[in-house]
Amino acid sequence: MRFIIGIYFIILCMAIRVNSFVGITWGRMQSQQLVPSMVVDLLLQNQIPALRLRTSGSDISEIFSGTNISLAITLVNNYMWQANRTDLAYSWVNGRVKNPINKGVNIQYLTVGTEPFSNTFMKAARTDQVVNVIKLIRQALDDMGLGYVKTTTSHGMDVLKLTKVPSEADFRDDIKQLMLESLEFYNQTGAPFDLTMFPIHYIKEVLDYSMEFAFFDNKSGFKIQDGKFKYTNVVELMIDSVAWAIRKAGYPNMKIMIGQIGWPTDGYPHANIENAERFYKGFLKFIASNKGTPLKPGPIDVFLHSLSDENEFRTIFGAFQRHWGIYQADGNPKYKIDFTLQERDIYPTQAKGIVKMPNRWCVFNGNREDMDLVNKNYNIACNIADCTSLEKGGSCDGLSDDSKISYAFNVFFQKHKQQVESCNFDGLGEIIAENPSTGNCEFPVEILSFQDQAAKDGMILRI
């Protein structure tokens, strides 16, 4: 009898292990933020079991108490000083991890460092402190009885030397020792290698391949042959490139988790709603299959990037960095996607309880008598508000010059909560009630912010 029960238990565990894990990221660099309680509802309605925050989330994490939604929180590069001594690490873990867990928050992952060895996207925030800090934090977690909270570090593809085939991949020489120390730590603690990957950028800026290679239904016939392995899409090639580097370091069985993967919908060539929907449809079918990659067969855990657009995210490497959202900033889904991996042809549910500002837009009144004044005000608007949709390849790239000025005036007006004076622009702006949107270019009306809605509803928030 015990033997039968034992066999049943093993089979059950195997069944559990073959299910891929699909969560989503949420960044809050927006002029008007979604209320966290609405985000909780969105996750529950769409059966999304996990959320990754790009901060510690100390101001909002308690909202998730009792929901069984697992959280992955982050200690970002710029704040390593908060935990770079034993006493500081204990204090940080106590406040940002233990206290929320004691209040019912299901924290499962702690990412210490966001691409700390980057030489592209995150190079301005590079830090070598991460290896020491993650060890201090791991010790604090263990001493507090929180050994189940996994600690890892997110790494982008730029930790590798540039190669054309996965089997040639290895870590960059300038960071190799740091990577080896990190891998040894992950291996000792059972943590996964956390991989950040953005196929659209990697194909265009790094590999310079056909964009069709980004899609799992690749229609171009383009492929990469690497010994006995054939790659018909860039996702498997990227994962196996990292897997080869890890294997060469002596850890062939280390788990690779995709900590961020997504497709932007604006501000970049090929960044649009149709391509985003197509990419996710193929990618999630691949994840659901649990087949893995040629070098790393088996299930892959993944966080999709991201929940909503962030109109205040830095655009150092492109306007597309503000347009990763599966949802628009107002809580409306952009395209069809089935988070449950059942391949249903459905839109995700709309955010409930969103309160939009009135249907009012600020536009250019057409007075071109002093173009220096017009251009000055256009530049002021775009320096402060989000004009990335006007970039080459963006959804509003085809507007007339006057309409582009109107778009800039409007995003400035919306960011400033439709205050009448924010549509003055030295007498060049006017407020209208008729929607000036045209074609694929939407002139936004923003939502009441997190704080505004809280005040309106009389909510008590812990900020």
Side-chain angles (χ1 to χ4, degrees), residues 29-32 200 264-276 308-325 327-332 334-335 354-449:
M29 298 183 71
Q30 300 145 333
S31 53
Q32 278 81 34
I200 188 172
T265 56
D266 209 342
Y268 198 70
H270 306 287
N272 55 55
I273 287 172
E274 293 75 21
N275 280 344
S308 59
D309 284 345
E310 298 178 81
N311 64 357
E312 293 186 340
F313 199 86
R314 57 195 175 280
T315 58
I316 300 171
F317 287 93
F320 65 95
Q321 292 181 278
R322 292 183 173 175
H323 300 279
W324 289 110
Y327 280 84
Q328 297 173 1
D330 63 4
N332 284 308
K334 296 180 186 176
Y335 45 81
I354 293 292
V355 180
K356 272 197 169 187
M357 289 187 278
N359 282 333
R360 298 190 301 172
W361 294 264
C362 176
V363 296
F364 175 43
N365 63 16
N367 183 352
R368 303 176 65 86
E369 291 180 4
D370 186 347
M371 286 307 297
D372 287 340
L373 187 64
V374 172
N375 290 331
K376 182 194 81 170
N377 281 279
Y378 172 84
N379 290 330
I380 288 173
C382 285
N383 284 336
I384 294 174
D386 178 27
C387 291
T388 53
S389 293
L390 299 173
E391 298 281 342
K392 185 175 181 180
S395 60
C396 300
D397 179 24
L399 293 179
S400 67
D401 289 344
D402 281 9
S403 292
K404 287 183 178 180
I405 297 166
S406 290
Y407 185 93
F409 284 6
N410 183 64
V411 291
F412 182 93
F413 175 64
Q414 301 296 337
K415 180 168 183 174
H416 290 85
K417 303 177 184 178
Q418 297 189 357
Q419 296 172 359
V420 173
E421 58 268 26
S422 67
C423 187
N424 184 283
F425 294 108
D426 291 324
L428 297 170
E430 62 177 326
I431 298 172
I432 63 173
E434 183 178 350
N435 192 341
S437 301
T438 178
N440 291 326
C441 179
E442 180 179 353
F443 282 57
V445 170
E446 294 218 30
I447 63 173
L448 292 179
S449 69

In Å, rounded to the nearest 0.5 Å, how long is the span from [atom1] of [X] to [atom2] of [Y]?
| X | Y | atom1 | atom2 | result |
| --- | --- | --- | --- | --- |
| H270 | F320 | NE2 | CZ | 13.0 Å |
| I405 | C387 | CD1 | SG | 11.0 Å |
| I432 | R360 | CD1 | CZ | 12.0 Å |
| D330 | I354 | CG | CD1 | 7.0 Å |
| E430 | W361 | CD | CH2 | 13.5 Å |
| N365 | S406 | CG | OG | 8.5 Å |

>> Tell me whether E434 at atom CD has more than 12 heavy atoms from other residues, nucleotides or ligands lying less than 6.0 Å away.
In response: no
> When you look at CG of N440, are more than 12 heavy atoms from neighbouring residues, nucleotides or ligands closer to it than 6.0 Å?
Replying inline: no
>> Pair T315, E391 - check side chain to side chain contact (heavy atoms under 4.5 Å, CB included), show working.
In response: CA-CA 11 Å; T315 58; E391 298 281 342; over 6 Å; no
Could you check whether any side-chain N or O of [X] sits under 3.5 Å from a backbone N or O of [Y], counting only pairs where one atom can act as donor and the other as acceptor?
| X | Y | value |
| --- | --- | --- |
| N377 | L373 | yes |
| E446 | K417 | no |
| D309 | G325 | yes |
| K404 | L390 | no |

Validation row: [X], [Y] side chains within 4.5 angstrom (heavy atoms):
| X | Y | value |
| --- | --- | --- |
| I431 | Q418 | no |
| N359 | V445 | yes |
| E310 | R322 | no |
| N272 | S395 | no |
| N410 | P436 | no |
| S403 | T438 | no |

> Can you list the steps and then say if E369 with V374 is a side chain to side chain contact (heavy atoms under 4.5 Å, CB included)?
Replying inline: CA-CA 9 Å; E369 291 180 4; V374 172; over 6 Å; no
> So, for G429 and C362, which heavy atoms are closest and what is the spacing to 0.1 Å?
Replying inline: CA-SG, 4.5 Å
> What closest approach, in Å, do I200 and P269 show between heavy atoms, and which atom pair accounts for it?
Replying inline: CD1-O, 3.7 Å
>> side chain to side chain contact (heavy atoms under 4.5 Å, CB included), that's the test. Do Q321 and T388 meet it? Break it down for me.
In response: CA-CA 9 Å; Q321 292 181 278; T388 53; over 6 Å; no
>> Give me each pair satisfying ring-ring contact (aromatic ring centres under 6.0 Å, His included) with a member in residues 385-410, each pair once, sequence neighbours excluded.
In response: Y407-F443, F409-F425
> In this structure, which one of Q414, K415, H323 forms a side-chain contact (heavy atoms from CB on, under 4.5 Å) with D386?
Replying inline: H323
> Passes side chain to side chain contact (heavy atoms under 4.5 Å, CB included), T265 versus Q328? Steps please.
Replying inline: CA-CA 10 Å; T265 56; Q328 297 173 1; over 6 Å; no
